[in-house]
Amino acid sequence: MRLSSEDIVAVLKQMPSSILFKRINREEVYCSTGFEKTFGITKLNGLDESSIMFFDSQSKQKTAANTLPFYIAATEGAVSQQYRVQTQCRAMNCHVEGGVITTSEENWLVLYVRPDGSDLVANNQQGSAAGKHIVFNQLLSDFSSKLINASVDELDNIIDQALAGFGEFSNVDRCYLFEFNEDMALMSNTHEWVAAGVTPFIDELQNMPTSSLPFFMSHIANGLFKVDDVSSLPESAAAEKAVFEEERIFSILCVRIMVNDTPYGFIGCDIIGSPYSWNTFDIQYLRRIGEMLGNTLQSLHNRKILQKMQLELLEANKQLEQLANIDGLTGIANRRLFDTTLKRDIQRCQEQGLALSLLLIDVDFFKQYNDDYGHVAGDKVLIKIAETLSNSCLGSDDLVARYGGEEFAIILPGTDNIAAKAIASRILRNVTLLNIPHEASAYDKKLTVSVGLISQSNDALRSVYQRQGEQSAMWLLNHADEALYRAKNDGRNCSRS
Ligand SMILES: Nc1nc2c(ncn2[C@@H]2O[C@H](COP(=O)(O)OP(=O)(O)OP(=O)(O)O)[C@@H](O)[C@H]2O)c(=O)[nH]1
């Protein structure tokens, strides 16, 4: 015996399973009480196929006309496929299975729309909970291990993936992370996942004043904000109600995230279109995801502090290193840096086929200057001389150093005798141009210096290096010192080599 069309409608409408059905070649769609319950709707009759939207559960794209389940069932006789099913109330990932039922009068397309995980619920409530726990724990451990090893650059991506994983697992419509600013005056949506067909709001939720949502803030301060039905929010939550209603949010669940014992922000999820009663598992799962993110952000925060401390230490070391190489009075290189640089430059110049010159400069009658003008004035002269010497050497590799007391030294890598003599003359001239009065000086009663110079062509330098090795620096210094002695003997304010 074949069933009549009325029988088919009457029977299928009463089915506790989630069923959608329609006549072939007719627009009107019917649903079972099971479907109404699952999707939280009260009246679907009289609606057409476009009232129920199907999305690809992977790509989130709206399903093309020729891959719609009613279409496949009609053309191929059967359908068995995964979809994201959206009614005007809710969207859920579902397995859709169905085919054609033939009556004496006409043919019907019948779809069994089974939300993911509902088979476990149907079979056994305890089994369902256990199965969900296993899936959740797997999800949590996957993301925990990714997050533990994540670099700062990878973090955003992994948080996005975690929200998507959790959103799909919980079958919610939107899942997000908000961050407070330092004084908690503002909050911003930093990451958001939305189910297929759901409008993202992240761009509109930046730098929102927390004072505009007082009811929410007072609840989240205690760790949890849970609303099963936005329409039942009290008068004191008028601001929140207006925001949620504008976004078509019916149910919302948020848990606070703590980093370093201070509120960092919150993770939350929304149900759009119909109220939903959050159960203890929903809260527990969201809390654990929040804790996972909190721990990650905390370790990231600690890592950043460590990195900052490391940088500060490196900078401090650099400064110490510089201080250890700088003469405190004049600010030019000290004897320590001079000694290491001379050794290094001798080695480098003889290897690279370069000449090298060395100058020793001594202030004339400086003892007398100190006696006549005082030690403080003497110090100022040394600072002026250091500055003048530095300005007289133009080579980028030249090193001007305070060799000791009122004596200075200059290393001129790659500089031959002719060029070095020109530099020595420049130094003598520039010092007299300072016009520093010095009564004891034979030169117009002005302060002068004497210069001892030694220049080595590359051949000569190489042979010194071969003979003297480590002592080459000392050998050069002795020769420069002898030249300086000659300059002093020859009346001062001159250079000798
Ligand atoms: N003000 C001041 N004087 C210094 C400093 N270092 C060394 N002197 C002085 O420099 C003087 C060097 O004197 P001498 O070595 O006798 O030589 P001089 O008087 O310059 O005579 P000649 O080198 O022969 O021209 C000493 O009186 C030191 O006390 C310093 O840092 N500041």
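Sequence positions, counted from 1, serve as the residue numbers for this chain. Order of listing sets the numbers, starting from 1, for every ligand and every atom in it.
Put simply, NZ on K421 and CG on N417 are 4.5 Å apart, with the number rounded to the nearest 0.5 Å. Distance check, rounded to the nearest 0.5 Å: CG of L356 to SG of C349 gives 4.5 Å.
With a 4.0 Å heavy-atom cut-off, ligand 1 is reached by no atom of V376. Of the heavy atoms in V363, only backbone atoms (N, CA, C, O) come closer than 4.0 Å to ligand 1.
For atom 19 (O) of ligand 1, the closest non-hydrogen atom on the protein side is K367 N, 2.8 Å. The protein non-hydrogen atom at the shortest distance from atom 18 (P) of ligand 1 is F366 N, 3.4 Å. For atom 21 (O) of ligand 1, the closest non-hydrogen atom on the protein side is F365 N, 3.6 Å. In terms of protein heavy atoms, atom 22 (P) of ligand 1 is closest to K488 NZ, 3.3 Å. At the shortest separation from atom 14 (P) of ligand 1 among protein heavy atoms lies E406 OE2, 4.1 Å. Of the protein's non-hydrogen atoms, the one nearest atom 30 (C) of ligand 1 is L382 CD1, 3.2 Å.
Proximity to R402 (heavy-atom distance under 4.0 Å) selects the following atoms of ligand 1: 5 (C), 6 (N), 30 (C), 31 (O). Taking a cut-off of under 4.0 Å to the non-hydrogen atoms of G378, the atoms of ligand 1 that pass are 1 (N). Those atoms of ligand 1 with a heavy atom of D379 less than 4.0 angstrom away are 1 (N), 2 (C), 30 (C), 31 (O), 32 (N). Ligand 1 places these atoms under 4.0 Å from at least one heavy atom of R492: 22 (P), 24 (O), 25 (O). Within the listing of ligand 1, atoms 6 (N), 7 (C) sit less than 4.0 angstrom from a heavy atom of G405.
Below 30°, between 30° and 60°, or above 60°: for F225 and F244 the angle between ring planes is between 30° and 60°, a tilted geometry. Between W278 and Y276, the angle of the ring planes goes over 60°, which puts this pair in the perpendicular group of the 30/60° scheme. Under the 30°/60° scheme for interplanar angles, the aromatic rings of Y176 and F178 are found to stand perpendicular.
Ring-centre distance between Y443 and H438: not below the 6.0 Å cut-off. Ring centroids of F169 and F136 are separated by less than 6.0 Å, placing the two rings close together.
In this structure, R335 forms a cation-pi arrangement with Y403, its terminal cationic atom sitting closer than 6.0 Å to the ring centre and no more than 45° off the ring axis.
There is a side-chain donor-acceptor pair under 3.5 Å between N260 and Q298.
Between Y465 and the options Q350, Q347, E351, a side-chain hydrogen bond (donor to acceptor under 3.5 Å, both in side chains) holds for only Q347.
In this structure, K380 falls outside the shell of residues with a heavy atom less than 4.0 angstrom from ligand 1.
Considering backbone and side-chain atoms alike, L329 places every N or O at 3.5 Å or more from each N or O of ligand 1. For ligand 1, the polar-atom distance check finds an N/O of N370 within less than 3.5 Å of one of the ligand's N/O atoms.
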